[in-house]
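Remember, it's a predicted structure, so these values are computed and weren't measured experimentally.
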Amino acid sequence: MTEPLLITFDDAVAIISVNDAPYNRMTLDFVDQLEAQVDELARNDKVRAVVITAEGLDNFSVGMNLKQLAGGIEQAGDPNVFFDRRLRVTAAIENMGKPWIATLFGYCLGAGLELPLGCHFRLAAEEGAQIGLPEMDLGSVPAWGGSARLSKCVGRDHALDMILRGKKVTGPEALGIGLVHEVWPLNELKQRAMDLAHELAAQPAAAVKGVMNVVVGSEDRNLEALLKAERAAVLNTFGTADQQEGMLAFLEKRKPVFNKR
């Protein structure tokens with residue numbers, strides 16, 4: 001049987017790929033393996049950035065395999081248990097303290113957008129991308145946190161426009177509303193995501209984690225709480241090898257080399 005998820009490593013970057021081309025459905029087995037990999041990556045100090053992509057160049061993901069929905073809920077014993085698990089996995093990605101970069105190309109629908117919304121950077125293809133939450137066309141609503149995260153990402157008006165109309169946006173349109181950070185030609189997209197991942201992985205790991213602890217979820221905390229989190233992040237970098245390297249590189253007028261062990 002083909003593995004639903006592939007994982008490879010390139011120095012400090014982990015690459016997770018949905019392995020169900022051309023549609024790259026997020027099956028029950030995919031979620032099982034993703035949860036396990038997210039847990040391992042969180043504990044692996046050698047990994048400092050993660051790219052999530054998909055096999056081929058046709059589609060990132062058309063979402064979950066709807067034929068498995070009833071069976072998955074029955075196996076879980078309760079719809080809340082079934083959907084809570086998916087929310088838990090996405091939250092673990094969002095709050096890991098390591099940057100995740102998603103590549104959006106072809107169809108990115110349902111879970112194929114909801115999972116990237118839990119990532120910290122989203123890069124889209126300049127051509128061919130169809131990005132949306134089409135659950136309204138199925139008589140339902142997004143169930144992996146899509147309506148909540150999309151509204152936080154692009155604002156109420158754009159979120160309602162996309163969800164209530166079952167609207168799909170292109171890569172350039174997604175860039176225009178703040179849904180993605182960069183747009184690249186399809187044949188460059190995955191490499192550009194890797195370049196960004198290596199750039200982020202080269203930053204001082206403790207400082208990256210500290211900033212992410214402050215910024216991720218900042219809209220739900222008041223200024224006093226954010227300032228306390230920022231101060232904790234600052235103090236956590238004091239005396240570290242990376243802080244000493246940064247200071248020395250500044251004095252020596254050279255580029256610092258972080259994460260040396």
Side-chain angles (χ1 to χ4, degrees), residues 7 9-16 34-52 87-103 114-123 144-145 148-155 178-182 192-261:
I7 183 165
F9 298 88
D10 186 359
D11 293 328
V13 176
I15 305 99
I16 289 177
L34 179 64
E35 184 172 42
Q37 291 295 345
V38 167
D39 186 53
E40 287 191 22
L41 291 172
R43 297 196 308 266
N44 187 345
D45 291 337
K46 294 181 180 178
V47 173
R48 296 191 292 275
V50 183
V51 171
I52 184 158
L87 296 180
R88 186 171 66 245
V89 173
T90 308
I93 290 171
E94 193 171 38
N95 297 299
M96 186 179 289
K98 301 177 183 183
W100 282 61
I101 302 104
T103 63
E114 290 172 298
L115 187 56
L117 281 169
C119 297
H120 310 97
F121 293 86
R122 289 170 294 281
L123 277 57
W144 288 35
R149 284 193 172 87
L150 183 63
S151 61
K152 287 182 178 293
C153 180
V154 303
L179 178 53
V180 301
H181 299 77
E182 299 176 6
R192 294 294 185 172
M194 288 297 299
D195 293 344
L196 175 58
H198 280 292
E199 176 188 342
L200 296 168
Q203 299 286 59
V208 169
K209 184 176 182 179
V211 168
M212 295 184 74
N213 286 342
V214 176
V215 176
V216 174
S218 59
E219 64 274 14
D220 299 321
R221 291 178 285 168
N222 62 32
L223 180 61
E224 182 179 2
L226 293 174
L227 291 174
K228 286 182 179 179
E230 181 183 78
R231 179 62 53 82
V234 171
L235 296 178
N236 195 46
T237 65
F238 275 9
T240 63
D242 281 340
Q243 192 225 14
Q244 293 171 10
E245 164 64 9
M247 293 294 185
L248 184 61
F250 175 79
L251 294 173
E252 295 177 350
K253 296 182 172 56
R254 60 174 175 83
K255 186 176 176 61
V257 181
F258 295 119
N259 303 307
K260 296 184 293 186
R261 295 293 182 266

Can any side-chain N or O of [X] pair as donor or acceptor with the backbone N or O of [Y] at less than 3.5 Å?
X: Asn236; Y: Ala206; value: no
X: His198; Y: Val13; value: no
X: Glu219; Y: Lys152; value: no
X: His120; Y: Trp100; value: yes
X: Glu199; Y: Asp195; value: no

If you look at every heavy atom in [X] and [Y], which pair is closest and at what distance?
X: Cys153; Y: Gly178; value: SG-O, 3.5 Å
X: Ala148; Y: Ser151; value: O-OG, 2.8 Å
X: Val51; Y: Ala197; value: CG2-CB, 3.6 Å
X: Ala193; Y: Thr103; value: CB-CG2, 3.5 Å
X: Gly118; Y: Ile93; value: O-CG2, 3.8 Å
X: Leu226; Y: Val214; value: CD2-O, 3.4 Å

Under a 4.5 Å cut-off applied to non-hydrogen side-chain atoms, are [X] and [Y] in contact?
X: Glu35; Y: Asp39; value: no
X: Leu196; Y: Leu123; value: yes
X: Ile52; Y: Ile101; value: no
X: Gln243; Y: Pro204; value: no

Roughly how far, to the nearest 0.5 Å, is the [atom2] atom of [Y] from the [atom1] atom of [X]?
X: Thr237; Y: Asp242; atom1: OG1; atom2: CG; result: 9.5 Å
X: Gln244; Y: Thr240; atom1: CD; atom2: OG1; result: 7.0 Å
X: Cys119; Y: Met96; atom1: SG; atom2: CE; result: 10.0 Å
X: Asp10; Y: Met194; atom1: CG; atom2: CE; result: 4.0 Å
X: Leu41; Y: Lys46; atom1: CG; atom2: NZ; result: 13.5 Å
X: Lys255; Y: Glu245; atom1: NZ; atom2: CD; result: 11.0 Å

Item to complete: List the steps, then state whether side-chain contact (heavy atoms from CB on, under 4.5 Å) holds for Val216 with Glu94.
Response: CA-CA 7 Å; Val216 174; Glu94 193 171 38; 3.8 Å; yes
Worksheet item: Can you list the steps and then say if Leu200 with Phe121 is a side-chain contact (heavy atoms from CB on, under 4.5 Å)?
Response: CA-CA 11 Å; Leu200 296 168; Phe121 293 86; 3.6 Å; yes
Worksheet item: Any Lys/Arg nitrogen of Lys98 or Asp45 sitting under 4.0 Å from an Asp/Glu carboxylate oxygen of the other?
Response: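 No.
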Worksheet entry | side-chain contact (heavy atoms from CB on, under 4.5 Å) between Leu150 and Leu117, intermediate numbers included | CA-CA 7 Å; Leu150 183 63; Leu117 281 169; 4.1 Å; yes
Fill in: Arg122/Glu182 under salt bridge (charged side-chain N to carboxylate O under 4.0 Å, His left out): CA gap, chis, key distance, verdict
CA-CA 7 Å; Arg122 289 170 294 281; Glu182 299 176 6; over 6 Å; no
Worksheet item: Given the rule in the side-chain contact (heavy atoms from CB on, under 4.5 Å) test, do Met247 and Leu251 qualify, once you have shown the distances and angles that lead to the verdict?
Response: CA-CA 6 Å; Met247 293 294 185; Leu251 294 173; 5.5 Å; no
Fill in: More than 12 heavy atoms of other groups within 6.0 Å of Arg221 CZ
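For Arg221, atom CZ is crowded (more than 12 foreign heavy atoms under 6.0 Å).
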